Engineer: 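The structure under discussion is supplied below as structure tokens; questions concerning it will follow.
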Amino acid sequence: MPELPEVETICRGLRQVLPGREIVTVEVLESRLRCRVPRDFARELEGRVFTDIRRRGKYLLISLAPDRVWIAHLGMSGKLIYVKTTYPRERHDHIIATLDNGHELRYHDPRRFGFSVVVREAQVDEVPQIRHLGPEPFDEEFHDRYLYDLASHSRRMIKDFITDQRILVGLGNIYANEALFHAGIRPTRRAWRVGRSGIKRIAEAIPRILQEAISWRGTSFSDYRDGEDRKGGFQEHLLVYGREGEECRVCSGRIKSVPIGNRSSFYCPSCQK
DNA sequence: CGGTGGACCTGCTGGC
DNA sequence: TGCCAGCAGGTCCACC
């Protein structure tokens with residue numbers, strides 16, 4: 001489900017309400033979380049106080065004093081919501097942290113692709129999932145030259161390349177397709193054949209499209225909700241993703257779909273070469 | 001090493 | 001109306 005804009009939206013929302021709150025109790029209602037939630041997960045969190053909520057790629061890093069970080073990835077269908085204790089519980093609410101102010105932080109994930117782990121602050125960068133992540137698209141180290149140096153040595157399809165979280169973090173199926181549309185490049189082009197000007201357009205389109213999606217609080221089709229269980233609005237502004245057979249909003253041609261590695265990619269044959 | 005294809009899950013939709 | 005194949009925002013691993 002969530003790509004960078006959705007995780008960023010959740011992050012900003014939780015940052016408004018969690019710092020200073022104490023976790024009183026934690027219930028882990030689902031034991032089949034693919035061994036990614038340690039048995040002592042609840043005890044690691046109980047009695048601690050939220051300090052800071054930040055994001056690294058598609059991961060939420062939730063700091064708690066003294067000296068713990070709850071690292072959460074929401075997979076395809078995960079939600080992390082802050083609601084009153086009276087807010088109706090649902091099927092697939094797997095982890096419920098009861099706070100000291102009549103609210104709960106609930107981790108909900110029907111498909112259970114997400115994962116959670118609790119580590120010490122100093123260990124965050126050593127966690128394998130975090131250690132191998134590439135630069136943030138909004139950081140200075142991510143620029144067209146960086147992307148070109150890597151792309152010029154890669155024979156992979158460009159869409160596959162830019163969704164590799166080791167190259168850069170944050171892009172998933174929606175925003176990779178959108179960024180390539182904005183750059184005028186077909187998702188099936190081999191990375192090394194995109195060329196310098198094409199890579200430059202991609203490197204510029206990525207942060208732009210992500211920023212725009214953040215301003216709309218992310219994209220919601222069915223599952224995605226922010227930290228207050230509300231939908232995002234960017235689905236109204238998508239130009240190619242999920243629009244197979246519909247009219248291109250730029251040239252009125254028909255949007256096509258092509259599978260890349262078990263996943264649909266969308267593009268406009270006349271706008272993207 | 002790189003690239004591919006399947007596995008991991010539940011739920012919803014569309015076609016028959 | 002009902003059933004079932006196919007597909008969904010992500011990662012990881014085995015295999016060639």
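Every chain is numbered from 1 and lettered A, B, ... according to where its sequence line falls, protein lines coming before strand lines. Computed from a predicted structure; not experimentally measured.
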Engineer: Return the value, rounded to whole Å, for the distance between atom CZ of A:R112 and atom C1' of C:dT11.
Structural biologist: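 Checked: the CZ to C1' distance equals 16 Å.
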Engineer: So does A:R263 get a side-chain nitrogen or oxygen closer than 4.0 Å to the phosphate oxygens (OP1/OP2) of C:dG9?
Structural biologist: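 It does, given that an N or O in the side chain of A:R263 lies less than 4.0 Å from OP1 or OP2 of C:dG9.
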Engineer: Would you verify whether the NZ or CZ of A:R186 falls within 45 degrees of the ring axis of A:Y267 while also being under 6.0 Å from that six-membered ring's centre?
Structural biologist: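 Geometry flag: not set, cation outside 6.0 Å or 45°.
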Engineer: Using a cut-off of less than 4.0 Å, is there contact between a side-chain N or O of A:S264 and OP1 or OP2 of C:dA8?
Structural biologist: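 Affirmative; the distance criterion is met.
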Engineer: Hey, does the side chain of A:Q165 come within less than 4.0 Å of C:dC12's phosphate (OP1/OP2), counting only N and O?
Structural biologist: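 Answer is no, no contact under 4.0 Å.
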Engineer: Nearest whole Å is fine: how far is B:dC1 P from A:H132 NE2?
Structural biologist: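 Roughly 11 Å, once rounded to whole Å.
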Engineer: Report the base-pairing partner of C:dG9 (Watson-Crick or G-U wobble, both distances below 3.5 angstrom), or none.
Structural biologist: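 Here C:dG9 is not engaged in any pair, so there is no nucleotide opposite it.
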Engineer: Does atom CZ of A:R54 have more than 12 heavy-atom neighbours, drawn from other residues, nucleotides or ligands, at distances under 6.0 Å?
Structural biologist: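 Atom CZ in A:R54 is crowded, with more than 12 foreign heavy atoms closer than 6.0 Å.
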Engineer: Once you apply a heavy-atom cut-off of 4.0 Å, does A:G75 come out as touching a base, just sugar-phosphate, or nothing?
Structural biologist: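 Since only primed, P, OP1 and OP2 atoms lie under 4.0 Å of A:G75, the category is sugar-phosphate.
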Engineer: Could you tell me whether A:N262 contacts a base, only the sugar-phosphate backbone, or nothing, with contacts defined as non-hydrogen atoms closer than 4.0 Å?
Structural biologist: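 If one applies the 4.0 Å heavy-atom cut-off, A:N262 turns out to touch a base.
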Engineer: Phosphate oxygens OP1/OP2 of C:dT11: is one of them under 4.0 Å from a side-chain N or O of A:H73?
Structural biologist: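 Result: yes.
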Engineer: Which nucleotide sits closest to the side chain of A:R155: C:dG10, B:dG3, C:dT11?
Structural biologist: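 Closest nucleotide among those given: B:dG3.
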Engineer: Using the six-membered base ring of B:dC8, report whether A:F113 stacks on it, requiring centroids under 5.5 Å and planes under 30° apart.
Structural biologist: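 Check passed, A:F113 stacks on base of B:dC8.
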Engineer: Less than 3.5 Å between a donor and an acceptor, one on the side chain of A:R156 and one on the base of B:dG2, is that the case here?
Structural biologist: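 Absent.
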Engineer: Suppose you measure atom P in B:dG14 against the same atom in C:dG9; what distance do you get, rounded to whole Å?
Structural biologist: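 16 Å, rounded to whole Å.
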Engineer: Roughly, in whole Å, what's the span from CG in A:D93 to C1' in B:dT10?
Structural biologist: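 In whole Å, B:dT10 C1' lies 15 Å from A:D93 CG.
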Engineer: For the CG atom of A:L210 and the OG atom of A:S215, what is their distance to the nearest 0.5 Å?
Structural biologist: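 Between atom CG of A:L210 and atom OG of A:S215 there are 11.0 Å.
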Engineer: Quick one: do A:E44 and A:V26 satisfy side chain to side chain contact (heavy atoms under 4.5 Å, CB included)? Show the steps, please.
Structural biologist: CA-CA 9 Å; A:E44 285 285 305; A:V26 174; over 6 Å; no
Engineer: Hey, which of A:L74, A:D229, A:D109 is the one that makes side chain to side chain contact (heavy atoms under 4.5 Å, CB included) with A:K79?
Structural biologist: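 The passing option is A:D229.
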Engineer: Between B:dG11 and C:dT1, how many Å separate the two P atoms, rounded to a whole number?
Structural biologist: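 After rounding to an integer number of Å, I get 23 Å for this pair.
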Engineer: Rounded to whole angstrom units, what separation is found between the CG atom of A:N173 and the C1' atom of C:dG10?
Structural biologist: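 Value for this atom pair: 10 Å.
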Engineer: Between A:R166 and A:G261, who's closer to the 5' end of DNA chain B by nearest nucleotide?
Structural biologist: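 Closest to the 5' end, via its nearest nucleotide, is A:R166.
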Engineer: Kindly say whether, by distance alone, the side chain of A:R111 makes a donor-acceptor pair under 3.5 Å with the base of B:dC9?
Structural biologist: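 Yes, the side chain and the base share a sub-3.5 Å donor-acceptor pair.
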Engineer: Between A:C268 and A:V250, is there a side-chain heavy-atom distance shorter than 4.5 Å?
Structural biologist: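 No, too far: nothing below the 4.5 Å cut-off.
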Engineer: Give a yes/no on whether any side-chain N or O of A:K58 is located under 4.0 angstrom from OP1 or OP2 of C:dT11.
Structural biologist: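 The answer is yes; a side-chain N or O of A:K58 sits under 4.0 Å from OP1 or OP2.
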Engineer: Contact class for A:Y241 (heavy atom, under 4.0 Å): base, sugar-phosphate, or nothing?
Structural biologist: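 Sugar-phosphate contact only.
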Engineer: Grab the CG-P distance between A:D160 and C:dG10 for me, whole Å please.
Structural biologist: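 Interatomic distance, CG of A:D160 to P of C:dG10: 12 Å.
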Engineer: Which one is paired to B:dG2, where only Watson-Crick or G-U wobble pairs with both distances under 3.5 angstrom count?
Structural biologist: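 Answer to the pairing question: C:dC16, which forms a Watson-Crick or G-U pair with B:dG2.
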Engineer: Hey, is CZ on A:R131 packed in by over 12 heavy atoms from elsewhere, all under 6.0 Å?
Structural biologist: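 Yes.
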Engineer: Which value, in whole Å, describes the distance between the C1' atoms of nucleotides C:dG6 and B:dG6?
Structural biologist: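 Roughly 16 Å separates the two C1' atoms.
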Engineer: Closest to the A:H92 side chain: B:dG11, C:dC12, B:dG6?
Structural biologist: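 It is B:dG11.
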Engineer: Roughly, in whole Å, what's the span from CG in A:D226 to C1' in C:dG9?
Structural biologist: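 So the CG-C1' distance, A:D226 to C:dG9, works out to 15 Å.
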Engineer: NZ of A:K159 versus C1' of B:dG3: gap in Å, rounded?
Structural biologist: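 Going from A:K159 (NZ) to B:dG3 (C1'), I get 15 Å.
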Engineer: Looking only at the side chain of A:S154 (C-beta and beyond, no hydrogens), which of the listed nucleotides C:dC12, B:dG3, B:dC9 gets closest?
Structural biologist: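 Closest nucleotide among those given: B:dG3.
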Engineer: Using a 4.0 Å heavy-atom cut-off across all strands, classify A:R190 as base, sugar-phosphate, or nothing.
Structural biologist: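 The residue A:R190 makes no contact with any strand.
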Engineer: Measure CG/A:L74 against C1'/B:dC9 and give the value in whole Å, please.
Structural biologist: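 Taking CG of A:L74 and C1' of B:dC9, I get 16 Å after rounding.
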